[in-house]
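Here's the structure, in structure tokens; my notes come after.
Per chain, numbering begins at 1; letters A, B, ... match sequence-line order.
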Amino acid sequence: MPELPEVQTVVDQLDERLTGRRIALGGAFLWHGTAGYPEADALIARVAGRQVAGVRRRAKYILVDLGDDLLLVIHLRMTGNLHFAAPEDPAHPYLRVRLPLDNGQELRFADMRKFGRFYAGVPNELDTVIPLARLGPEPLDEGFTPVVLGERLAGKRGPIKSALLDQAVLAGLGNIYVDEALFRAGINPLRPAGSLAAVELDQLHAGIGAALREALANRGTSFRDYLSVSGETGDNEPNLQVFRRHGQSCVRCGQPLARIVVGGRGTHYCPNCQR
DNA sequence: CGGACAACCTGGTTGC
DNA sequence: TGCAACCAGGTTGTCC
């Protein structure tokens, strides 16, 4: 489900409602596969009794700071959803994890497709399990410039679409916002990643920033499954200009938008505006 | 190293 | 209507 704007929306709400809370005893994985590392019981034991010092985001990972360098890391993957509930509230049909809190509420994780994962450990330990240390730059950080973008793409022969989806190249983009950024930049998704001229890097950098900032302002895009912690959909769908709009008219030139497959992913673009 | 592709899961949509 | 095939916002592992 979620890309940078959706994960950031979740993180903001979690930070507000979880920071300062202590994780109580009695947590449980209802689907053990959701425990990525360590295994379910050990993970519960590690986080039980810890107080949340803050919640932040890196790429599409949610980092829950539990003090003493211990992190609870959550990745929502396609259909993961975090929400708060009272213990007696009926369980969501795809409830996978329950973490009771010291205020009588519990943090719940529901995930239809079971792709979402929890990890707990100190940073060095987590690096052996998830590629936190190998993630590319954050596209909304001040240090991310068109020059940096060019450095990340240099020498890459594969399509720009695939390169932008690679979290080691640039962190946080997914299928929606890559398509939207390329459209805003007027760049064909099949262009070899390392072949962009300086002007195109400027346009792509601007397109990425515009697509992400607009989505953030609208708390993300909800196509089917995505809901924030407060259970609300994002309002960004009307702002999408190409994603899943194949067959409709391009907002810029009026020609029909197309859908192709690039790197195994559905890709939406305007053949006229993105040559 | 890059690229193609299967795998992990379940449910919704599409097409015959 | 019925059912099979295909599709899905993500990531990882394997094979060439």
note: A:E3, atom CD; C:dA8, atom P; distance rounded to Å ~ 13 Å
Test: A:R46 and A:E125 ion pair at under 4.0 Å
yes
Interatomic distance where CG belongs to A:L173 and P belongs to C:dG9 [whole Å]
14 Å
Residue pairs passing the salt bridge (Lys or Arg N to Asp or Glu O under 4.0 Å) test with at least one member in residues 33-42 of chain A, sequence neighbours excluded, are none
Take atom C1' in B:dC9 and the same atom in C:dG2, then report the distance between them in whole Å.
24 Å
Tell me the interatomic distance from A:I130, atom CD1, to C:dG10, atom P, rounded to whole angstroms.
17 Å
Mind checking what makes side chain to side chain contact (heavy atoms under 4.5 Å, CB included) contact with A:P271, not counting sequence neighbours?
A:A258, A:Y269
When you check the phosphate oxygens OP1 and OP2 of C:dT11, does a side-chain N or O of A:Q167 lie under 4.0 Å from one of them?
yes
Summarise how protein sits on nucleotides 9-16 of chain B as a single string, 5' to 3': B when a protein heavy atom is under 4.0 Å from the base, S for sugar-phosphate-only contact, - for no contact.
BBS-----
Base-paired stems that DNA chain B participates in, counting runs of 3 or more Watson-Crick or G-U pairs under 3.5 Å
B:2-8 with C:10-16, B:10-16 with C:2-8
Between A:D225 (CG) and C:dC7 (C1'), how many Å, whole number?
13 Å
For residues 23-30 of chain A, which side-chain N or O atoms pair as donor and acceptor with protein atoms under 3.5 Å away, sequence neighbours left out?
none

Whole Å only: how far is the NZ atom of A:K161 from the P atom of B:dA4?
14 Å
Please collect all salt bridge (Lys or Arg N to Asp or Glu O under 4.0 Å) contacts where either partner lies in residues 84-95 of chain A, sequence neighbours excluded, each pair once.
none
DNA chain C: A:R265 or A:V261, which has the more 5' nearest nucleotide?
A:V261
Pick the P atom in B:dA7 and in C:dA5, then give their distance to the nearest Å.
16 Å
If the condition is side chain to side chain contact (heavy atoms under 4.5 Å, CB included), which residues does A:S228 pass it with, not counting sequence neighbours?
A:T9, A:Q13, A:Y226, A:S230, A:E232
Can the ring centroids of A:F243 and A:F223 be said to lie less than 6.0 angstrom from one another?
yes
Roughly, in whole Å, what's the span from CG in A:D166 to P in C:dT11?
10 Å
Parallel under 30°, tilted from 30 to 60°, perpendicular over 60°: which one fits the rings of A:H75 and A:Y61?
perpendicular
Taking CG from A:L4 and P from C:dT11, how many angstroms apart are they, rounded to a whole number?
11 Å
Roughly how many Å apart are C:dC7 and B:dC5, using the P atom of each and rounding to a whole number?
13 Å
Checking contacts here: which listed nucleotide (B:dG3, C:dT11, C:dG9) is nearest the side-chain heavy atoms of A:R157?
B:dG3
Under 3.5 Å, which donor-acceptor pairs do the side chains of residues 185-202 of chain A form with other protein atoms, sequence neighbours left out?
residue: A:N188; atom: OD1; partner: A:L190; partner atom: N; Å: 2.8
residue: A:N188; atom: ND2; partner: A:Q274; partner atom: O; Å: 2.9
residue: A:R191; atom: NE; partner: A:S195; partner atom: OG; Å: 3.3
residue: A:R191; atom: NH1; partner: A:E200; partner atom: OE2; Å: 2.8
residue: A:R191; atom: NH2; partner: A:S195; partner atom: O; Å: 3.1
residue: A:R191; atom: NH2; partner: A:S195; partner atom: OG; Å: 3.3
residue: A:R191; atom: NH2; partner: A:E200; partner atom: OE1; Å: 3.0
residue: A:S195; atom: OG; partner: A:P192; partner atom: O; Å: 2.7
residue: A:E200; atom: OE1; partner: A:A197; partner atom: N; Å: 2.8

Could you measure between the two P atoms, the one in C:dT1 and the one in B:dG11, and give it in whole Å?
22 Å
In numerical order, the residues of residues 55-64 of chain A whose heavy atoms come under 4.0 Å of DNA chain C are A:K60, A:Y61
Describe the nucleic acid contact of A:G158 in one word from base, sugar-phosphate, nothing, applying a heavy-atom distance below 4.0 Å.
sugar-phosphate
Using side chain to side chain donor-acceptor pair (under 3.5 Å) as the criterion, list what pairs up with A:Y94, not counting sequence neighbours.
none
Check whether any side-chain N or O of A:R259 sits under 4.0 Å from OP1 or OP2 of C:dA8, and answer yes or no.
yes
Sorted by chain and number, sequence neighbours left out, ring pair (Phe, Tyr, Trp, His ring centres under 6.0 Å) with A:H32 holds for none
Is there a side-chain polar atom (N or O) of A:H75 under 4.0 Å from OP1 or OP2 of C:dT11?
yes
So, using side chain to side chain contact (heavy atoms under 4.5 Å, CB included) as the criterion, who are the partners of A:D69 when residues are at least two apart?
A:V122, A:P123
Mutual orientation of the aromatic rings belonging to A:H83 and A:H92 [parallel < 30°, tilted 30-60°, perpendicular > 60°]
tilted
Separation of C:dT11 C1' from A:L135 CG (nearest whole Å)
12 Å
